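Small disclaimer: the values here were computed from a predicted structure and weren't measured. The figures here come from the full heavy-atom set of this structure, side chains too, leaving out hydrogens, waters and symmetry mates. Note on naming: letters A, B, ... go to the chains in the order of the sequence lines (proteins, then strands), and numbering restarts at 1 for each one.
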Number of protein chains: 2
Amino acid sequence: MIKLSTKGRYGTRLMLNLARHYGNGADAVILKRIAEEERISIRYLEQIIIPLKINRLVKSVRGAGGGYSLARGPEDIRLSEILRAVEGNCCLVECLEDGSYCEFVGTCPTFDIWKGASDLLRDYFESLTLRDVMARAGKKGRKAQARAGR
Amino acid sequence: MIKLSTKGRYGTRLMLNLARHYGNGADAVILKRIAEEERISIRYLEQIIIPLKINRLVKSVRGAGGGYSLARGPEDIRLSEILRAVEGNCCLVECLEDGSYCEFVGTCPTFDIWKGASDLLRDYFESLTLRDVMARAGKKGRKAQARAGR
DNA sequence: CGGAAATCAACATTGTTTTATAGGAATTAT
DNA sequence: ATAATTCCTATAAAACAATGTTGATTTCCG
Ligand code: FES
Ligand code: FES
């Protein structure tokens, strides 16, 4: 029913991977490496990264020694930007952004319901930056290590 | 990216339509009428109502004079039930319910993020009954009428 | 310098799922 | 019997997901 598309999921993991390698000497990360680390088809990643580039969330360097890198710091990129970039929009139902999509938007009893849900999601993803996600994942990783070490 | 499927949307409007006709003398509502009122293909509605029936959210009466009606009162049916019924599950990403869907659920940095969003949505739809939605729509309708009357 | 290798870029193709339509069989009231 | 209705199965069309092929640009190295 309400499914996050693979583009949204893969795009986020792609950006998160770039964020992990951000500003540590090696300038650009090649897509092949991300594909291997994230176990995602490189061909598919190539398609997904295009809108990320267009929306200036990543920079690319062509040719040997090239690759991709974040266009800004991880603390300055929000999940909502990524999700909006890989899809055209970021709303739960079309009618929220395209008034002509449904016939009677003005009187539709479900419109407000979907809008409420959509706002909820938007605020949530708006509140999370790549750095936040990395921080959370860091904690989680340490916990997992602790469990394994016992 | 995060789209509510047409099954979810149509299913909700279908149930809301049944809710409006609930307990007002005429026992069952025929699907043809709902299809006309909601401007949704009757053939498609037929498919959507099947899981609603299986999950005991609606009752059906076959043959001439038959039709569908809510299995319980509108105050006792939550949107989450409808959405879960028309889709198999109600989670934003498969891995939340199917641990084998992703490879490294335990260490995936995005897992918790999607879970957070999924919980948000679940709580939201869990908190809304068909009666609540009707009440909201009623207010909205009166406002629209007031605007038109000026 | 000049070719080979590495890498991004662009386009085409295939496979899968979702959305929607179609036809008719089974059931029931009149 | 006939008409109205749900129920079942098949198929067509569109969107989404994934793979394949080729081309363009840059670096590296002999
Ligand atoms: S206005 Fe689009 S779902 Fe009602
Ligand atoms: S575990 Fe499924 S998205 Fe990471």
Side-chain angles (χ1 to χ4, degrees), chain A residues 1-14 18 21 26-36 38-71 83 86-89 93-94 98 101-102, chain B residues 1-14 18 21 26-36 38-54 57-71 83 86-89 93-94 98 101-102:
Chain A
M1 37 149 277
I2 306 182
K3 275 288 173 305
L4 180 57
S5 72
T6 57
K7 284 191 182 175
R9 280 191 288 128
Y10 295 170
T12 304
R13 278 163 64 191
L14 165 53
L18 287 179
H21 295 119
D27 299 313
V29 183
I30 63 174
L31 212 49
K32 181 157 169 283
R33 178 172 170 186
I34 298 180
E36 279 163 5
E38 303 290 337
R39 317 284 172 97
I40 303 172
S41 148
I42 187 170
R43 300 298 182 188
Y44 201 24
L45 281 182
E46 281 175 350
Q47 290 177 57
I48 291 170
I49 210 168
I50 293 173
L52 293 173
K53 205 169 105 83
I54 293 175
N55 284 276
R56 320 246 173 192
L57 294 175
V58 307
K59 292 179 299 190
S60 68
V61 178
R62 299 183 69 160
Y68 293 97
S69 55
L70 292 187
L83 294 174
V86 295
E87 293 286 316
N89 54 44
V93 295
E94 283 305 326
D98 175 3
Y101 185 76
C102 287
Chain B
M1 39 149 277
I2 306 182
K3 275 288 173 306
L4 180 56
S5 72
T6 58
K7 284 193 182 174
R9 281 191 288 128
Y10 294 171
T12 304
R13 279 163 64 192
L14 166 53
L18 287 180
H21 296 118
D27 299 313
V29 183
I30 64 175
L31 213 49
K32 184 156 167 281
R33 178 172 169 185
I34 298 180
E36 279 163 6
E38 303 290 336
R39 316 286 172 98
I40 303 171
S41 147
I42 187 171
R43 297 298 186 181
Y44 200 25
L45 282 181
E46 282 177 349
Q47 290 177 55
I48 291 171
I49 210 168
I50 292 173
L52 293 172
K53 206 170 106 81
I54 292 175
L57 294 174
V58 306
K59 293 178 299 188
S60 69
V61 178
R62 300 185 68 164
Y68 294 96
S69 55
L70 293 187
L83 294 174
V86 294
E87 293 288 318
N89 55 43
V93 294
E94 282 304 329
D98 175 3
Y101 186 76
C102 286

Residue-phosphate contact under 4.0 Å: [X] side-chain N/O, [N] OP1/OP2:
X	N	value
A:Tyr68	C:dA9	yes
A:Tyr10	D:dA18	yes
B:Lys53	D:dC7	yes
B:Thr6	C:dT19	yes

Starting at [atom1] of [X] and ending at [atom2] of [N], how long is that distance when rounded to a whole Å?
X	N	atom1	atom2	result
A:Lys32	C:dA5	NZ	P	15 Å
B:Ile42	C:dA22	CD1	C1'	13 Å
B:Ile54	D:dT6	CD1	P	16 Å
A:Lys7	D:dA18	NZ	C1'	11 Å
A:Tyr44	C:dA9	OH	P	18 Å
B:Ile50	D:dT6	CD1	P	12 Å
A:Lys3	C:dT19	NZ	P	12 Å
B:Glu94	D:dA17	CD	P	12 Å

Could you go through B:Leu4 and B:Leu83, starting from their C-alpha distance and side-chain angles, then the distance that decides it, and tell me whether this counts as side chain to side chain contact (heavy atoms under 4.5 Å, CB included)?
CA-CA 10 Å; B:Leu4 180 56; B:Leu83 294 174; 4.2 Å; yes

Tell me, do A:Glu46 and A:Leu31 make a side-chain contact under 4.5 Å, heavy atoms counted?
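In contact.
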
Does the side chain of B:Thr6 reach to within under 4.5 Å of the side chain of B:Ile40, using non-hydrogen atoms?
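No; the side chains remain at least 4.5 Å from each other.
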
[options]: which one has an atom nearest the side-chain heavy atoms of [X]?
X	options	answer
B:Ser60	C:dA5, C:dA9, D:dC7	D:dC7
B:Ser41	C:dA9, C:dT21, C:dG23	C:dT21
A:Glu46	C:dA9, C:dA20, D:dA17	C:dA9

Any carboxylate oxygen within less than 4.0 angstrom of a Lys/Arg side-chain nitrogen, looking at B:Glu36 and B:Arg33?
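Not counted as a salt bridge, because no side-chain N and carboxylate O are separated by less than 4.0 Å.
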
With nearest nucleotide decided by heavy atoms, which residue, B:Gly66 or A:Ala64, maps closer to the 5′ end of DNA chain D?
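Its nearest nucleotide lies further toward 5', so the answer is B:Gly66.
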
Taking the nucleotide of DNA chain D with the closest heavy atom to each, which residue, B:Ile30 or A:Leu45, is nearer the 5' end?
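Its nearest nucleotide lies further toward 5', so the answer is B:Ile30.
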
State whether the distance check finds a donor on one side and an acceptor on the other, under 3.5 Å, for side chain [X] versus base [N].
X	N	value
A:Arg62	D:dA24	yes
A:Gln47	D:dT19	yes
B:Arg43	C:dT19	no

Starting at CZ of B:Arg9, measure out to CD of B:Glu38 and round the result to the nearest 0.5 Å.
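These two atoms lie 12.0 Å from each other.
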
Interatomic distance, A:Leu14 atom CG to A:Leu52 atom CG [nearest 0.5 angstrom]
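Answer rounded to 0.5 Å: 6.0 Å.
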
Within the structure shown, what part of the strands sits under 4.0 Å from B:Leu31 by heavy-atom distance: base, sugar-phosphate, or nothing?
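Touches sugar-phosphate only.
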
